[in-house]
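If you read the sequence from its start, that first residue is 1, and numbering goes on from there.
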Amino acid sequence: MSDGPVIELRDIVTRFGSNLVHDGIDLSVVRGEVVALVGGSGSGKTTLLRHMIGLTRPARGEVSLFGEQLFSGSLREQRARRRRFGVLFQHGALFSALNVAENIGFPLRELRVVTPKEIRDLVALKLAMVELEPSTALLMPAELSGGMVKRVALARALALEPELLLLDEPTAGLDPDRSAAFVELVRSLQAQLGLTVVLVTHDIDTLAALSSKVAILAERRILSYAPLEETMELDHPFVASFFRGELGRRAIARSREES
């Protein structure tokens with residue numbers, strides 16, 4: 001197992017036509033960290049996450065995962081690299097025509113290296129990991145609550161036993177109680193499985209409860225990359241409004257009480 005960064009971004013430049021979104025971003029995420037990406041609307045948080053997993057390519061720069069360039073090597077080597085991470089998309093991105101068991105088992109079926117019985121056993125295991133009843137397996141996505149959708153999507157992201165987990169707005173659309181329960185689940189799984197986690201969030205409660213480091217995206221670059229306590233001291237308008245407003249102060253106070 002490499003001791004180097006799990007994710008390394010070097011000189012990332014992103015353009016959409018004449019719109020320059022990222023201008024020379026560098027970021028290094030080491031094993032076991034939980035890194036929150038935050039920034040204002042249009043700062044390119046989700047775009048940067050998509051670069052990390054190869055859904056989009058930057059105009060310039062290098063993306064490396066597990067010490068290897070994301071697109072280096074043969075197609076087989078690239079696929080093996082991609083199996084080492086899981087992704088939870090903002091709205092779950094479940095396949096509406098597949099039931100819960102079929103959604104969770106989808107990555108396993110695509111690999112064609114396990115038997116149908118092994119897939120069923122692994123689906124049952126992942127459902128238990130995300131604290132859902134076995135009977136949930138037969139439900140369709142339209143029959144799930146918002147919180148259940150998140151948990152099923154998380155189970156699918158964990159189907160291949162990844163080392164790296166990427167979360168795009170993991171608590172968006174959840175009420176406070178379901179959001180808190182989901183954050184506690186992610187925190188428990190991260191500790192239990194030794195995951196490295198990168199999450200995009202605008203929710204200060206989620207950030208305060210989970211992150212070991214915060215990366216601030218502003219002015220087309222990483223303005224700050226530091227633990228939460230250091231981040232809060234940064235003299236910048238976004239930091240002042242996001243972290244030092246009333247909601248931010250309350251969330252951070254709650255996090256301190258629970259830690």
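- Applying the side-chain hydrogen bond (donor to acceptor under 3.5 Å, both in side chains) test to Arg178 and every residue at least two apart in sequence or in another chain returns Asp175.
- The only option from Leu199, Val200, Thr206, Asp203 that meets the side chain to side chain contact (heavy atoms under 4.5 Å, CB included) definition with Glu169 turns out to be Val200.
- Within the structure, every pair that satisfies the salt bridge (charged side-chain N to carboxylate O under 4.0 Å, His left out) test and touches residues 37-65, not counting sequence neighbours, is listed here: Arg10-Glu62, Asp11-Arg60.
- With sequence neighbours excluded, the residues forming a side-chain hydrogen bond (donor to acceptor under 3.5 Å, both in side chains) with Glu161 are Lys126, listed by chain and number.
- The side-chain hydrogen bond (donor to acceptor under 3.5 Å, both in side chains) check on Thr14 picks up His22, His51, with sequence neighbours excluded.
- Side chain of Ser211 to main chain of Ala208: no donor-acceptor pair is present (N/O by atom type, distance under 3.5 Å, no hydrogens or angles).
- Contact check for Leu160 versus Leu111: side-chain heavy atoms found under the 4.5 Å cut-off.
- Between Glu163 and Val6, the closest side-chain pair of non-hydrogen atoms is not below 4.5 Å.
- Atom CD of Gln192 sits in a crowded spot, with more than 12 heavy atoms from other residues, nucleotides or ligands closer than 6.0 Å.
- No path of Ile, Leu, Val, Met, Phe, Trp and Tyr side chains, each step under 4.5 Å between heavy atoms, connects Val21 with Phe238, placing them in separate hydrophobic clusters.
- For the salt bridge (Lys or Arg N to Asp or Glu O under 4.0 Å) test, no residue two or more places apart in sequence or in another chain qualifies with Glu233.
- Listed for the Ser188 side chain is no donor-acceptor partner under 3.5 Å among the backbone atoms of Glu184.
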Using residues 219-228 as the side-chain source, report each donor-acceptor pair under 3.5 Å to any protein atom, sequence neighbours left out, with the distance given to one decimal.
residue: Glu219; atom: OE1; partner: Arg221; partner atom: NH2; Å: 3.3
residue: Glu219; atom: OE2; partner: His236; partner atom: NE2; Å: 2.9
residue: Arg220; atom: NE; partner: Leu20; partner atom: O; Å: 2.8
residue: Tyr225; atom: OH; partner: Ser28; partner atom: O; Å: 3.0
residue: Tyr225; atom: OH; partner: Glu33; partner atom: OE1; Å: 3.3

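- Cation-pi contact between Arg156 and Phe106: absent, since separation from the ring centre below 6.0 Å together with deviation from the ring axis within 45° is not met.
- For the salt bridge (Lys or Arg N to Asp or Glu O under 4.0 Å) test, no residue two or more places apart in sequence or in another chain qualifies with Glu143.
- Between the Ser145 side chain and the Met148 main chain, a donor and an acceptor come within less than 3.5 Å of each other.
- Applying the salt bridge (Lys or Arg N to Asp or Glu O under 4.0 Å) test to Arg151 and every residue at least two apart in sequence or in another chain returns Glu131.
- A continuous path of hydrophobic side-chain contacts links Leu139 to Leu154 [ILVMFWY only; heavy atoms under 4.5 Å].
- The CG atom of Leu164 sits 6.0 Å away from the OG1 atom of Thr196 when rounded to the nearest 0.5 Å.
- The side-chain hydrogen bond (donor to acceptor under 3.5 Å, both in side chains) search around Asp23 returns none, not counting sequence neighbours.
- With a 4.5 Å cut-off on side-chain heavy atoms, Leu165 and Leu167 count as touching.
- Evaluation of the ring-ring contact (aromatic ring centres under 6.0 Å, His included) test over residues 160-203, restricted to residues two or more places apart or in two chains, returns none.
- The side chain to side chain contact (heavy atoms under 4.5 Å, CB included) search around Thr115 returns Lys117, Glu118, not counting sequence neighbours.
- Heavy-atom contacts from other residues, nucleotides or ligands closer than 6.0 Å to CZ of Arg83 number more than 12.
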Compile the donor-acceptor pairs under 3.5 Å between side chains in residues 91-101 and protein atoms, sequence neighbours left out, one pair per line.
residue: Asn99; atom: OD1; partner: Ala101; partner atom: N; Å: 3.1
residue: Asn99; atom: OD1; partner: Glu102; partner atom: N; Å: 2.8

